[in-house]
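Computation of the quantities below employed the complete heavy-atom set of this structure, encompassing side-chain atoms and omitting hydrogens, waters and symmetry-equivalent molecules. Predicted model only: the values in this text are computed from it and were never measured. We count residues from 1, following the sequence as given.
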Amino acid sequence: MQRHGNHSSASSSTVPIEEVHMQEEEEVYQDEEPLIQEETEAKTPPADSKNGRRTERGGGGERGGGDVGGASRSPVFSWFVVLALLGVWSSVAVVYLDIVDYDRVIARAKDFHGNLSEVLQGKLKAYDTDGDGDFDMEDAKVLLDEKRKEGAERDATPPTDETAAGSNATTGLKDAATPPVGTSPEDGTETQERLAATTNQQEEDPQEAEPAEDTPSERPPVDSVSDDPQDNSFPDDLGDAIDTTGALMEEAEPVAGAEEESRGPMRGDDRSEPEPQSEAVRQVEVGPAKKKKPKLLNKLDKSIKAEIDGAEKLRKKGQLDEALRAFEALVRRYPQSPRARYGQAQTEDDLAEKRRSNELLQRAISSYRDAAELPDATPDLLRAALRRRAERQQFLGRMRGSLATLERLTQIFPEDIGLKNDLGVAHLLLGDNKGAKQVYEQVLAVVPGNGFAKVHYGFILKSENKIAESIPYLREGLESGEPGTDDGRFYFHLGDALQRVGDESAYHWYELGHQRGHFASVWQRSLYNVDGLKAQPWWTPQETGYTDLVKTLERNWRTIRDEALAVMDRRTGSFVPEEENLREKGEWGQYTLWQQGKKIGNACQGVPRTCALLERYPEATGCKRGQVKFSVMQPGTHVWPHTGPTNCRLRLHLGLVVPRPGCRIRCTNQTREWEEGRVLIFDDSFEHEVWQDANGYRLILIVDVWHPELTPYQRQTLSPI
C-alpha cells in the first residue's frame, strides 16, 4: 500500500509506507532531532531522501552518496564496522531515529561479509520479531512497519505479557516500535527513556499548544472539537465528550508506539487512493476512534492560553490553593474570560470536596453560573459548566435549582437528548413523576429506541401500577445496553412486574441482575447493602445475639397486644393503609412508632408501656434502616413477593392476634406461620410473600434491628432508609 508524503515534501511521488512513518516520527520527536544531527553531521553530511526530508545517509554511495564530500565505498564500510561494534547504539539509531535504510545496509553488509556479524546479531536479537533466532530483513520490515498488513494475523497470537496484551486489546494497535516481550530490561532502555520523555512532556503541558491555522493538527488540543457532524472519530457513547459531571474527558494513556502508528492512517492529507483492506487490517492500522475534546477556549482565552494552562496544571497536580489564587488573578485581569471563570469554579469544586465544605461548594455553583453567563462562552463550555452546576446542586439537595438549570440547558440545546434525559431524572428526584413522564414521552417521540428513556418511562408506568404496560419498556431499555440502563432498580422492577403477571421469566432477569453485580443472589435482591454480612433467610434468637430483646417481647406480648387493640378500637385512623404498592388484594394497615431511628410524633402516647419496653434496646429504636410498627391484616389479603431495601437489618415479627389456620409467610422457599406470643426472625432482603386466608384479622408487632455483624461505627454512619 502506498501513501503520499506530506504536502510540504519536495516530491509528490508515492513513497513506501516506512518512509511516511519515518517522516511522521521525525515530527513527533522534532525537538530532539537537532541534538542527533549535531552529533552525526561530523560523520556523514545530510542529504535529501526520497520523500524530500533531511535524513542521515546510512549506508552506501549509490543515489549520489559516493561523491558527496569525496566519500567512497571504503568510508561507508568503515562506518558500518563502527556501527557493528556499537550495536546497542546502532539498534536505537536504526529503529528510532530513522537514519538507516535497512534494505541498503543489510544488502551491503551481506555483500561484504555474507551475513551480519555475530556481534551485531547478538545486539539486535532483542528485535527478532519473527522468532527465527536472528535479526534479518523480515524483522527490519516489521520494525519499520512495512508489514502492517500482517498485523491482524500477528494479533491472533496471544502475547506472553498480560499487561501488553491488555494494552493492545484496548487500543487495537500493534506496538511495532517496542521490543518484543521477554527481552532483558537493558534491551528496552532507550525505548523507556524516549517514552518517559514523551510522558513527562505531556504531564508538564496540561493543554496542548494549538497548531498554526495552516498546519494540520496531529492530535486535537484540549479546546478543539470537530465542526463536521459526520466526524466518526468520536465514540457514540461519549455524548459531547463531557461526562455527566461536566468535567473534561481525559484521553487514555497511549500505548508505546501507538501514536506513531495512528498518525499515518488518520492523516487525511496523507492518503492517496489506498489499496482495499480487510476490516481487521483497518482496525489494526487506525485503532479505536479518538475522543474529541470540548472546545472551551474563545478568542480571548486563546490569547491567554499559557496562563490558563499554568493555573490548570496546578489544579491537576492537586495544588488547589495555588490554583485558586491563579484563576482568581486571571478573573480579575480578564473578567470576560469564560475559561478562567470555569477553571475557578472547578478549583472551588475540588476544594469543596477536599475540605467537605458546603460554603465552597456553593461558591463553585455560583462560579459555574458566572462562567456560563459570559457572552462569548463557547457552547461546549456553556454545556459543561451548567451540567456540572446542576449535578452539584443535586448533591446539595437543591433539586428545584438543579431542575431550573437543566431546563435552561435543554432550551439552549434542544437537540441534546442526553440533557433531556437528565431533565427527566431531575423531575424524578423531585418526586415529580408526571413531569418526568412528559419529558420521556418527548424523548421517545423523537428517538423511539432510546434505551435510557425507555427504562425510566417503564419505571414510571410501574409506579402508576400499570404493570403490564411497564414490562416492554423496562425489558427493551435493559436489552439496549445503553449507558445508564444497567441499574439494579430496573432489573428489580422488571422482575417484579413479570412476577405480578405470572411470568416465570422474572427469575431470568433476577439472575441477570445478580450476574451484573446488582443483587447478592437471585433471592436476596436488596440494593442498599454492606458487603460481607452473613446472609440467610431465617434466623434464631441465638444467631442474632438479641436474645434479651426477644425474651422481653415474648414475656410482655399480652401487654403489647392490649395496647395495640386499644389503639385499633378507638378508630382514630392511627392505622394507615400500607402505601408501598405491595398488596395484590385485601386490606393492610400499619401504626408506626419508630422510623429511621426516630420516634414518630405522639405515636407512643397511645402505647406507652410498649414504647417503654422498646426504648431499652437501641439496636431496634436506633436502627436507621428500619421501623418499629404494628401491622394489621384483614382476611383475604395477599402481599406480592418482594424484598426489603437493605441487608443491614433483620426483621422480628411478634404474634399478637393470629387466627388459625391461614396466616403464613414465605421467605425464599420456606413457609412458616405466626404464633401468638412468639417471635419469628427473618432477613427481609430475601424474597418473601404473605397470605392471610383466615377468618379474622391478624395483628403483629414488627421490630427491625441492626444486622448483628455491623460495627458501631457503621451503625452510626450508615445513611437512613
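- A donor and an acceptor atom, one from each side chain of Glu469 and Tyr457, are nowhere located under 3.5 Å apart.
- Checking Lys624 against Gln596 by side-chain atom types alone, no donor-acceptor pair falls below 3.5 Å.
- At least one test fails for Arg516 against the ring of Tyr491: distance under 6.0 Å to the centre or angle within 45° of the axis.
- By the 6.0 Å contact criterion, OH on Tyr528 is open, its count of non-hydrogen atoms from other residues, nucleotides or ligands being 12 or less.
- For the pair Arg325 and Glu328, the salt-bridge criterion is not met [side-chain N within less than 4.0 Å of a carboxylate O].
- No side-chain donor-acceptor contact under 3.5 Å links Tyr440 and Asn450.
- Remark: Asp496 engages Arg500 in a salt bridge, criterion side-chain N to carboxylate O under 4.0 Å.
- Salt bridge Lys629/Asp704: absent, no basic N to carboxylate O contact under 4.0 Å.
- Taking the centre and axis of the six-membered ring of Phe395, the NZ or CZ atom of Arg392 falls inside the cone set by 45° and 6.0 Å.
- Looking at Lys313 and Asp309, no side-chain N of the basic residue comes within less than 4.0 Å of a carboxylate O on the acidic one, giving no salt bridge.
- A salt bridge does not link Arg651 to Asp683: none of the charged nitrogens lies less than 4.0 Å from a carboxylate oxygen.
- Between Glu312 and Arg339 a salt bridge is recorded (basic side-chain N to carboxylate O distance below 4.0 Å).
- Glu464 has a carboxylate O that lies under 4.0 Å from a charged side-chain N of Lys437, or vice versa, which qualifies the two as a salt bridge.
- Between His456 and Phe490, the distance separating the two ring centers is shorter than 6.0 angstrom.
- With salt bridges taken as basic N to acidic carboxylate O contacts below 4.0 Å, none links Lys302 and Asp376.
- Of the N and O atoms on the side chains of Asn433 and Ser463, at least one donor lies less than 3.5 Å from an acceptor on the other residue.
- A cation-pi arrangement, defined by a distance under 6.0 Å to the six-membered ring centre and an angle within 45 degrees of its axis, is absent between Arg341 and Phe327.
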Exercise for the section: Go through the steps for Gln499 and Tyr510 under the test side chain to side chain donor-acceptor pair (under 3.5 Å), then give the verdict. Expected result: CA-CA 11 Å; Gln499 279 184 304; Tyr510 290 148; 2.8 Å; yes
